[in-house]
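Single-structure report; data block below.
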Amino acid sequence: MQPLWYRNAVIYQVDVAFFLDSNGDGWGDLRGVTERLEHIRGLGASCIWLLPFYQSPYRDGGYDVTDHLAVDPRFGDIADFAILLNKAESLGLRVIVDLVPQHTSDEHRWFQEARHDPKSPYRDYYVWSDEPLDTGLEPVFPTVEDSVWTWDEEAQRFYRHMFYGFEPDLELGNPRVREEIRRIMAFWLRMGVSGFRIDAVPYMVERARAADRRDDGYWLLAELREHASLHHPEAVLLGEVDVPADVYPDYFGAGDRISMVIDFWTNNHTFLALAREQSEPLARALDRRPAPPPRAQYATFLRNHDELDLERLAESERNEVLDRFAPEDDMRAYDRGIRRRLAPMLDGDTRRVAMAHALLMSLPGAPVLLYGDEIGMGEDLSRPERKAVRTVMQWTDGRNAGFSLAADDQLAAPAISDGPFGYEKVNVAQQSQQRDSLLSLVGNLVRSRLGAEEIGAERCEVLETGAPSVLCLCHEAEGRHLVTAVNLSDEEVTCELSDDRLTGLTDVLSDREYPAPDDKPTKFVVGGYGYRWLRRRDEPFSDTLHPDQG
């Protein structure tokens, strides 16, 4: 059977508002994304994930939706989206979009009608109560919201909101609400998207469980998967599922619920490993992570558009990561995470940032890249909460980083101009001309990852090397073996493998030139913050690239 495309995809995450402004109004837009699709494809990505571009007051980065079927005018119109899809297809890029079915904006027509008229069918679209019920649920943003309940004067009732007070929760137990969601999915699938990243999945399951205890509420995910598959057999449902690792199987089901789980568990332990410069936390996390069903996959990542949420770590471990990567209070968010981008956390060291990407590309699953991380962009801590990492893409060293010709006070976010991560020092144009730039290194890693189908196959084993700083994995598919070794420390080390299957190894990717590995026993060197991918000489090669190629 032909492998599913998303098991071996590399996904590039785009925030439309901050990517490229095509019309000079200060906001990134769909035409701007279309103009830069070659950059994404040239990097090697095979899929783009577009953050919300729907009609919205934009108080929560577009996740406060007022019309799920309309493009917000600041981003263009539906014709612009169709043009983007057509060009993406011509470049071999799939497109997935955000689906936000857990809540709406309080300005949504449904909520306004629900407030005005207790007999309106929309009243039952939301979660209401005469008193603020204690269900044990805490606000997602505990330092911002005191409660999940807010009193509405017009409705004369409390409404529930797990997120901000202006984002009332939808009652997903209501069949009419679920029909609305299916209509939204069908619309975008008919447009040509390849699936959805689904926001806040555990809270959706909670509402389904409250309405119908069948399958502990996971019936909702099976219902969404079935509907998506009817319109597009290979449609992906990429779920935001920040739960303990042992609960992941509930979200996968037998491969008939969520297609891909965004793996916060492994992400948290990746940063613990980076903080300690020791591989043990990550090796332990991979060992405890359940294998996905045959038609499912994990999505791995380093950073995304939110805070680096560290809730999957023990308190002492979380404090280690916070102390190492967010030593100042304004670098932290919600008493649990970090509101910084990757490059500043790793001190702007190109070797370390490239090493982190090599680590990401070697993890079993499909990697997700946040826009701008391929060039090492920084954060803007003057912006509130999670907005610190949502800054404009730095294309050139010209005005507004080449993002927009608008006046500074019209920009969706100010361009970062000062310090080591300012756009005069960090930009696409400059790094495109440098063979040893972060952009070149990350691009080589991404393209190599696409050729290394063994990593997407999920048959992965942690190998002992005698070097505590090295995460060494053996990936296997169809009789081929790929060994990936990443050194999390700045000290050169020698790795020794005892597995008799892994002899006669040769490099297919490395951060620099190395002497050939020794045999019997197999030994090889990995430099400080270095990485090597190796295969057996007597096994067939796929399309992985050598560092001196492409």
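Both backbone and side-chain heavy atoms feed into the values below; hydrogens, waters and symmetry mates do not.
Between the side chains of Asp64 and Ser56, at least one donor N or O sits under 3.5 Å from an acceptor N or O. Side-chain atoms of Trp49 and Asp98 include a donor-acceptor pair closer than 3.5 Å. A donor-acceptor contact closer than 3.5 angstrom is absent between the side chains of Tyr122 and His116. If you check the side chains of Asp263 and Thr300, you find no donor sitting under 3.5 Å from an acceptor. Arg109 and Gln112 are not linked by any side-chain donor-acceptor pair at a separation below 3.5 angstrom, with hydrogens and angles left out of the test.
Between Ile198 and the choices Ile181, Ile258, Leu238, the side chain to side chain contact (heavy atoms under 4.5 Å, CB included) rule is met once, by Ile258. Of the listed residues (Glu171, Glu131, Glu145, Glu206), just one forms a salt bridge (Lys or Arg N to Asp or Glu O under 4.0 Å) with Arg160, and that residue is Glu206. Among Phe252, Tyr251, Tyr248, the single residue meeting the ring-ring contact (aromatic ring centres under 6.0 Å, His included) criterion with Tyr218 is Tyr251. When Arg386, Lys387, Arg341 are each tested for a salt bridge (Lys or Arg N to Asp or Glu O under 4.0 Å) with Asp306, only one passes: Arg386.
The 12-atom threshold is exceeded at CD of Glu154, counting heavy atoms of other residues, nucleotides or ligands nearer than 6.0 Å. Within 6.0 Å of CZ in Arg214 there are more than 12 heavy atoms belonging to other residues, nucleotides or ligands. Surrounding CG of Asp146 are at most 12 heavy atoms belonging to other residues, nucleotides or ligands under 6.0 Å away. Counted within 6.0 Å of CG on Asp134, heavy atoms from surrounding residues, nucleotides or ligands total 12 or fewer; the atom is thus considered open. Within a 6.0 Å sphere centred on CG of Asn319, heavy atoms belonging to other residues, nucleotides or ligands number more than 12.
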*Test Phe111 against Trp128 for ring-ring contact (aromatic ring centres under 6.0 Å, His included), laying out the working first.*
CA-CA 11 Å; Phe111 189 71; Trp128 302 92; 5.7 Å; yes
*asked:* Is there a ring-ring contact (aromatic ring centres under 6.0 Å, His included) between Trp27 and Phe19? Walk through the geometry before answering.
replied: CA-CA 9 Å; Trp27 285 82; Phe19 203 58; over 10 Å; no
*asked:* Show, in sequence, the C-alpha distance, side-chain angles and deciding distance for Tyr63 and His305, and conclude whether the ring-ring contact (aromatic ring centres under 6.0 Å, His included) test is met.
replied: CA-CA 12 Å; Tyr63 285 92; His305 61 295; 5.7 Å; yes
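Geometrically, Arg351 does not engage Tyr529 in a cation-pi contact defined by less than 6.0 Å to the ring centre and at most 45° from the axis. Cation-pi geometry between Arg176 and Tyr125 is not met at under 6.0 angstrom from the ring centre and within 45 degrees of the axis.
Heavy atoms only, all atoms of each residue included: Thr66 and Pro57 are closest at CG2-CD, 3.5 Å. For Pro202 against Val243, the heavy-atom pair with the smallest separation is CG-CG1, 3.7 Å. In plain terms, the two heavy atoms of Met377 and Gln394 that are nearest each other are SD-N, 3.7 Å. Considering every non-hydrogen atom in both Asp21 and Ser404, the closest pair reads OD2-OG, 2.5 Å. The nearest pair of heavy atoms linking Pro364 to Leu473 is CD-CD1, 4.2 Å.
Residues Met393 and Leu20 have side chains not in contact (no heavy-atom distance under 4.5 Å, counting atoms from C-beta outward).
Applying the ring-ring contact (aromatic ring centres under 6.0 Å, His included) definition to pairs two or more places apart or across chains, none involves residues 349-381.
Taking the six-membered ring wherever Trp is involved, the centroid distance between the rings of Phe81 and Phe53 falls below 6.0 Å. You'll find the ring centres of Tyr126 and Tyr159 outside the 6.0 Å limit.
Between Trp395 and His39, the ring planes are perpendicular. Angles over 60° get that label, and only those under 30° would be called parallel. Trp110 and His68 have parallel rings, their planes meeting at less than 30° on a 0 to 90° scale where 60° marks the start of perpendicular.
Using modelled atom types, one side-chain atom of Ser46 and one backbone atom of Val10 make a donor-acceptor pair closer than 3.5 Å.
Ion pairing of Glu320 with Arg276 is present here, as a side-chain N (NZ or NE/NH1/NH2) and a carboxylate O approach within less than 4.0 Å.
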